[in-house]
Asker: 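Sharing a structure with you now.
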Amino acid sequence: MSYGVGFVLRKLAAAASSTMTITIEGEKIRIVTKGAKDTEAFFALGEEFDNTDPQDNPVKAIATWNDGCLFTDARPVDPNKGKAQQVERRIVNGNLEMKITVNDVVCKRIFKKK
């Protein structure tokens, strides 16, 4: 399953390295990812926020913190454009592990602390 991403973009994304910075700013969290596709999300836990999926389709997302895991559930604004995805971020052995789930497809990325 390709999640609607073309072959070339999938291969570029797999080969690219990324950096992720997570900061807490008052009551909100900012996640900035730099790499093949730069992204930024700024949100408060438990409150719905606007974001985009990897293909720039608009989504409504909500993030929660539970048992050491930052969990984000994102749903497409237009069900015909994009798919729901869940993202889990947690620290394991000093690294950030990110697990992205779309339907029954799971992608796992590991970010090493610099």
Side-chain angles (χ1 to χ4, degrees):
M1 174 174 243
S2 67
Y3 185 47
V5 179
F7 175 79
V8 173
L9 185 56
R10 287 196 316 271
K11 292 301 177 186
L12 284 172
S17 64
S18 298
T19 60
M20 180 181 297
T21 305
I22 301 174
T23 55
I24 298 173
E25 301 176 19
E27 297 293 317
K28 292 192 173 187
I29 297 172
R30 183 180 307 273
I31 300 176
V32 178
T33 305
K34 300 285 186 183
K37 179 174 169 53
D38 295 346
T39 63
E40 182 171 342
F42 187 59
F43 54 88
L45 293 175
E47 295 180 12
E48 187 175 73
F49 62 97
D50 295 321
N51 205 353
T52 57
D53 70 10
Q55 290 74 46
D56 290 324
N57 296 312
V59 298
K60 294 286 186 181
I62 191 161
T64 56
W65 179 264
N66 188 17
D67 197 26
C69 178
L70 178 61
F71 181 82
T72 307
D73 185 31
R75 305 283 170 187
V77 172
D78 179 349
N80 296 316
K81 292 184 178 178
K83 298 179 182 179
Q85 68 176 356
Q86 294 76 43
V87 179
E88 297 177 38
R89 294 176 180 90
R90 69 178 73 234
I91 302 297
V92 177
N93 297 324
N95 297 318
L96 175 72
E97 287 191 4
M98 182 172 78
K99 182 172 87 169
I100 304 165
T101 305
V102 178
N103 294 332
D104 60 348
V105 177
V106 177
C107 169
K108 185 175 179 182
R109 295 199 63 189
I110 298 173
F111 291 84
K112 296 185 179 191
K113 190 172 185 176
K114 288 187 175 185

Asker: Verify the cluster assignment for I100 and I22: are they in a single hydrophobic cluster under the rule of side-chain heavy atoms below 4.5 Å apart?
Answerer: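 Same hydrophobic cluster.
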Asker: D50: what forms a side chain to side chain contact (heavy atoms under 4.5 Å, CB included) with it, not counting sequence neighbours?
Answerer: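 With sequence neighbours excluded, D50 shows a side chain to side chain contact (heavy atoms under 4.5 Å, CB included) to K60, given in chain and number order.
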Asker: Could you tell me which non-hydrogen atom of P76 sits nearest to which non-hydrogen atom of G82, and how far apart they are?
Answerer: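 It is CG-O, 3.7 Å.
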Asker: Just wondering, more than 12 heavy atoms not from N66 lying within 6.0 Å of its CG?
Answerer: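 No, not enclosed.
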Asker: What residues, two or more places apart in sequence or in another chain, satisfy side chain to side chain donor-acceptor pair (under 3.5 Å) together with N51?
Answerer: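 Side chain to side chain donor-acceptor pair (under 3.5 Å) list for N51, sorted by chain: empty.
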Asker: Run the salt-bridge test on E88 and R90 with the 4.0 Å N-O cut-off and return the result as yes or no.
Answerer: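 Looking at E88 and R90, the cut-off is met.
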Asker: Is there a continuous path of hydrophobic side-chain contacts, each under 4.5 Å between heavy atoms, that joins I91 to F71?
Answerer: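 No, I91 and F71 fall in different hydrophobic clusters.
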Asker: Working to the nearest 0.5 Å, report the span between CD of Q86 and CG of N103.
Answerer: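 Answer for the CD-CG pair, Q86 versus N103, is 8.5 Å.
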Asker: Give me the atom names and distance for the closest heavy-atom approach of V59 to A74.
Answerer: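 Here V59 and A74 meet closest at CG2-CB, 4.0 Å.
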Asker: Rounded to the nearest 0.5 Å, what separation is found between the CG atom of L45 and the CD1 atom of I29?
Answerer: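 One gets 4.0 Å once the value is rounded to the nearest 0.5 Å.
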Asker: Any chance CG of D78 has more than 12 other-residue heavy atoms, nucleotides or ligands included, within less than 6.0 Å?
Answerer: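 Yes.
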Asker: Given the rule in the side chain to side chain contact (heavy atoms under 4.5 Å, CB included) test, do K83 and R75 qualify, once you have shown the distances and angles that lead to the verdict?
Answerer: CA-CA 7 Å; K83 298 179 182 179; R75 305 283 170 187; over 6 Å; no
Asker: In Å and rounded to the nearest 0.5 Å, what is the CG to CG distance from N80 to N57?
Answerer: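 Atom-to-atom, N80:CG and N57:CG are 10.5 Å apart.
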Asker: Quick one: pull up CZ in F111 and OG1 in T33 and give me the separation to the nearest 0.5 Å.
Answerer: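 Between F111 CZ and T33 OG1, I get 6.0 Å after rounding to 0.5 Å.
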Asker: Kindly compute the distance separating CE (M98) from CE (M20), expressed to the nearest 0.5 Å.
Answerer: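 The distance works out to 4.5 Å.
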Asker: State which residues pass ring pair (Phe, Tyr, Trp, His ring centres under 6.0 Å) with F42; sequence neighbours excluded, sorted by chain then number.
Answerer: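 Result, ring pair (Phe, Tyr, Trp, His ring centres under 6.0 Å) vs F42: none returned.
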Asker: Heavy-atom count around K34 NZ within 6.0 Å, excluding the residue itself: above 12?
Answerer: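 Atom NZ in K34 is not packed in, count stays at 12 or less.
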Asker: Only counting residues at least two apart or in another chain, list the ones meeting side chain to side chain donor-acceptor pair (under 3.5 Å) with E27.
Answerer: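 With neighbours one apart ignored, the set is empty.
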Asker: What residues, two or more places apart in sequence or in another chain, satisfy side chain to side chain donor-acceptor pair (under 3.5 Å) together with E47?
Answerer: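 E47 satisfies side chain to side chain donor-acceptor pair (under 3.5 Å) with no residue once adjacent residues are dropped.
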Asker: Search all heavy atoms of R89 against all heavy atoms of L96 and return the closest pair with its distance.
Answerer: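 Nearest heavy atoms, R89 then L96: CB-CD1, 3.9 Å.
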Asker: Does F43 have any ring pair (Phe, Tyr, Trp, His ring centres under 6.0 Å) partners at least two apart in sequence or in another chain, and if so, which?
Answerer: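 Ring pair (Phe, Tyr, Trp, His ring centres under 6.0 Å) check on F43 returns F49.
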Asker: Assess whether side chain to side chain contact (heavy atoms under 4.5 Å, CB included) is satisfied between D73 and T64, documenting all intermediate values.
Answerer: CA-CA 9 Å; D73 185 31; T64 56; over 6 Å; no
Asker: Check for a donor-acceptor pair, side chain of D53 on one end and backbone N or O of Q55 on the other, with a separation under 3.5 Å.
Answerer: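 Checking the backbone N and O of Q55 against the side chain of D53, a donor-acceptor pair under 3.5 Å is found.
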